[in-house]
Number of protein chains: 2
Amino acid sequence: MTGRKRQSAEERKPAILRAFHQVIEAEGFENASVAKVARRAGVHPSLLIHYFGTKEKMVMALVDEVLETYALLFAKLPEGGDPHERLERLLTLLWSLEWHEAVNFSVVFSFLALSQRHDSLMERVRNLYGRYRVYLLEQMDLLSKAGAIHVSDPTASAEALISLCEGSHYFCRYHIEAGTFDAHCRHMIQAARLILGVG
Amino acid sequence: MTGRKRQSAEERKPAILRAFHQVIEAEGFENASVAKVARRAGVHPSLLIHYFGTKEKMVMALVDEVLETYALLFAKLPEGGDPHERLERLLTLLWSLEWHEAVNFSVVFSFLALSQRHDSLMERVRNLYGRYRVYLLEQMDLLSKAGAIHVSDPTASAEALISLCEGSHYFCRYHIEAGTFDAHCRHMIQAARLILGVG
DNA sequence: GTATTAATTAAACATTCATTTAATAAGAGA
DNA sequence: TCTCTTATTAAATGAATGTTTAATTAATAC
C-alpha cells in the first residue's frame, strides 16, 4: 500500500533517526515533530513510538548517535610514530574539513542547549571532553619529553587547544569570509603551534 | 481579577520578553509556547499576539535583545590609554566573569542553531562578529606599532583570538572542573599572550 | 463627564501534538 | 499449512498549539 517494504528493527530504527536528523536540519529541533519525522521516513507515526517508546527517548537515541560520531572522531587521533610527525598529523586532523563537517551544527547547537538542563546529557558531554583533554595531556607529555613542543603548564595548554579548536569550528562561520576555510585552518594551526611553544 | 496592573506597551513588551527568556532557560526553546510565556508573564496569551503579531516575530524580538546584549558588551572594549595597559584591560575583560555570564547559554545555543537556517539572523550574527574582528585588527595595529605586541599576520591573530575566546566561554563548562573558572581564564589570557607574541 | 484610545481578556478556531489501543499483515519456524 | 512473532498501520484520544475575532476594561484627552 505504501510501497515501502517491511524491514527489521535494526534497519528501521537507524532510518528513522536519519529522518529525524534531516528534519532538525531542515526545520529546526523545535519543529521536529513525530509526525514530520514519520512522514520523512515514509512510515506511520505510531511506528516511532513503537520503537522508541516516547519522543524524548527518540531524542536521546539521536543524541547517542551524535555522541558516538564524536567518539569515532576522537578515535582517529594519532597515537604512535615519530613525535614531530605525530604533532603534525594531530594539528592537520584537528583542522581538517573532515573534522569540521563531522556533525551538523544545527543539531549540535540544539543538543548543547539541551545539555544545559539535562543533567545526564551534560555528564556525557563532559565525559567526552574529559577524554579529549586526557588525550591531549598524554600527548603533550610525550611530545614534551621528545622535545617536539615546549609547554610550561600542560593543563593550561590543553585547555587552550580545546578552546581554540572548538571556538574555531563552531564560530568561524560567523567571522571568516566564504572560501577562506583553508586559510583559517592554517591560521589556527599556527596559533596552536604558538600555544605549544613551537612557533 | 488577575491582580495584575494595567501597563503600557513600553513596560509590557520587555516584561513578556523577559518571561520568554525565562521559559527557554527553564524548559528549552522547543517547549517555550505562547501559553507558557503568557502564564509566566501573568498575562493572557492573546496579549502576546497583540503586541508581537506572531510567535515568530516574538522570537525575533528576543533575538534582537540578545544581539543588543552582545553589542553592549562590545561597547565596553577599551579604546584609549596607554597601549600596554589597554592590552591588559582587553584581556582581563574578554576573560571576565561579566563577559562569561552576559548571556544565557541555553538561549544562545538555540539561537545559533536557528541562525543556521535563518539567513537574516545569520547575517546579523556575522555582522556582529565582523565588528568584533575589525576592532581586534585596529587594536592590533595600534598595539603593534607601540611595540606592545608582535604579530606577523594580524588577520590570523584576530581569528585565533576570537576562536580562543568563544571556544573558551562556550565550551569550558564541558571540560574544566567546577570552581576552576578563574584559573581557566588565566590560562586563556596566557594563551592569548602567546598568540599576540608577548608570551 | 463624555469620547476616545489603548490595554487586556474571553471565547472559539482549526490544526497539530504525542500517545494509546486494537487491528492487520507479513515473514520465520515447525 | 499452521503457529508465533514482529512489523506496521488505522483510528481515536485528549491536550496543547498559535491565532482570530469580539468584547471589556481602564486610562487619556477634551
Side-chain angles (χ1 to χ4, degrees), chain A residues 1-64 110-111 113-114 117-118, chain B residues 1-64 110-111 113-114 117-118:
Chain A
M1 185 180 293
T2 60
R4 280 288 176 147
K5 293 207 201 107
R6 181 192 178 90
Q7 293 184 336
S8 71
E10 281 77 33
E11 301 170 289
R12 196 60 98 184
K13 288 174 75 170
I16 291 171
L17 290 182
R18 231 173 298 130
F20 191 16
H21 194 279
Q22 287 169 4
V23 173
I24 296 176
E25 231 175 308
E27 308 190 41
F29 186 52
E30 69 277 19
N31 296 314
S33 68
V34 172
K36 283 179 186 168
V37 174
R39 200 173 312 131
R40 188 172 291 244
V43 123
H44 197 275
S46 55
L47 190 62
L48 312 206
I49 301 297
H50 172 248
Y51 277 133
F52 297 101
T54 66
K55 186 190 179 182
E56 202 200 329
K57 286 180 187 169
M58 187 172 76
V59 171
M60 285 306 141
L62 185 58
V63 165
D64 288 348
S110 296
F111 286 174
L114 181 57
R117 70 201 140 82
H118 194 297
Chain B
M1 185 181 294
T2 58
R4 280 288 175 145
K5 292 205 201 108
R6 181 189 180 91
Q7 293 185 335
S8 71
E10 282 75 35
E11 303 170 288
R12 195 61 98 183
K13 287 174 76 169
I16 291 171
L17 290 182
R18 232 174 298 128
F20 191 15
H21 194 279
Q22 288 169 2
V23 174
I24 295 176
E25 231 175 307
E27 307 191 41
F29 186 52
E30 70 275 18
N31 297 315
S33 67
V34 172
K36 282 180 186 167
V37 174
R39 199 173 312 132
R40 187 171 293 243
V43 123
H44 197 273
S46 55
L47 190 61
L48 312 206
I49 301 297
H50 172 247
Y51 278 132
F52 297 100
T54 64
K55 186 190 178 182
E56 202 200 330
K57 287 180 186 168
M58 187 172 77
V59 170
M60 285 307 139
L62 185 57
V63 165
D64 289 348
S110 295
F111 287 175
L114 182 57
R117 69 201 142 80
H118 194 296

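All values below come from the heavy atoms of this structure, side chains included, with hydrogens, waters and symmetry mates left out. Residue numbering restarts at 1 for every chain, and letters A, B, ... go by the order of the sequence lines.
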Considering only D:dG18, D:dT6, C:dT9, which nucleotide approaches the side chain of B:His44 most closely?
C:dT9
Considering all heavy atoms, the nearest A:Tyr51-A:Ser8 contact
OH-C, 4.3 Å
Would you say the side chain of B:Leu114 lies within less than 4.5 Å of the side chain of B:Val59, judging by non-hydrogen atoms?
yes
Which of the following nucleotides, C:dT9, D:dA7, D:dT19, is nearest to the side chain of B:Pro45?
D:dT19
Tell me which one of A:Glu27, A:Glu30, A:Glu25 satisfies salt bridge (charged side-chain N to carboxylate O under 4.0 Å, His left out) with B:Arg117.
A:Glu30
Give the rounded distance in Å between these two atoms: CD of A:Glu56 and C1' of C:dC17.
16 Å
Starting at atom NE2 of A:His50, determine the distance to atom C1' of C:dA25, rounded to an integer number of angstrom.
14 Å
Of the listed nucleotides (C:dC17, C:dT8, C:dT20), which one gets closest to any side-chain atom of A:Ala35?
C:dC17
What nucleotide, of D:dA7, C:dT20, C:dA7, holds the atom closest to the side chain of A:Arg6?
D:dA7
Which is more 5' along DNA chain C, the nucleotide nearest B:Leu47 or the one nearest A:Gly53? Just name the residue.
B:Leu47
Separation of atom CG in B:Asn31 from atom P in D:dA15, rounded to whole Å:
18 Å
Side-chain atoms of A:Ile49 come closest, of D:dA11, D:dG18, C:dT19, to C:dT19
Whole-Å distance separating the NZ atom of A:Lys36 from the P atom of C:dT19
16 Å
note: B:Arg39, atom CZ; C:dT8, atom P; distance rounded to Å ~ 19 Å
Return yes if some donor-acceptor pair links the side-chain N/O of A:Lys55 with the main-chain N/O of A:Val34 below 3.5 Å, else return no.
no
Output yes when at least one side-chain N/O atom of A:Tyr51 is less than 4.0 Å from OP1 or OP2 of D:dT8, else no.
yes
What integer distance in Å separates B:Glu10:CD from D:dT28:P?
13 Å
In whole angstrom, what separates B:Lys55's NZ from D:dA16's P?
15 Å
Using a heavy-atom cut-off of 4.0 Å across all strands, would you classify B:Ser33 as base, sugar-phosphate, or nothing?
sugar-phosphate
Between B:Glu30 (CD) and D:dG18 (P), how many Å, whole number?
13 Å
Distance criterion of 3.5 Å, no angle test: do you see the side chain of B:Arg12 paired donor-to-acceptor with the base of C:dA7?
no
Closest non-hydrogen contact found for B:Ala19 with B:Val37 is CB-O, 3.8 Å
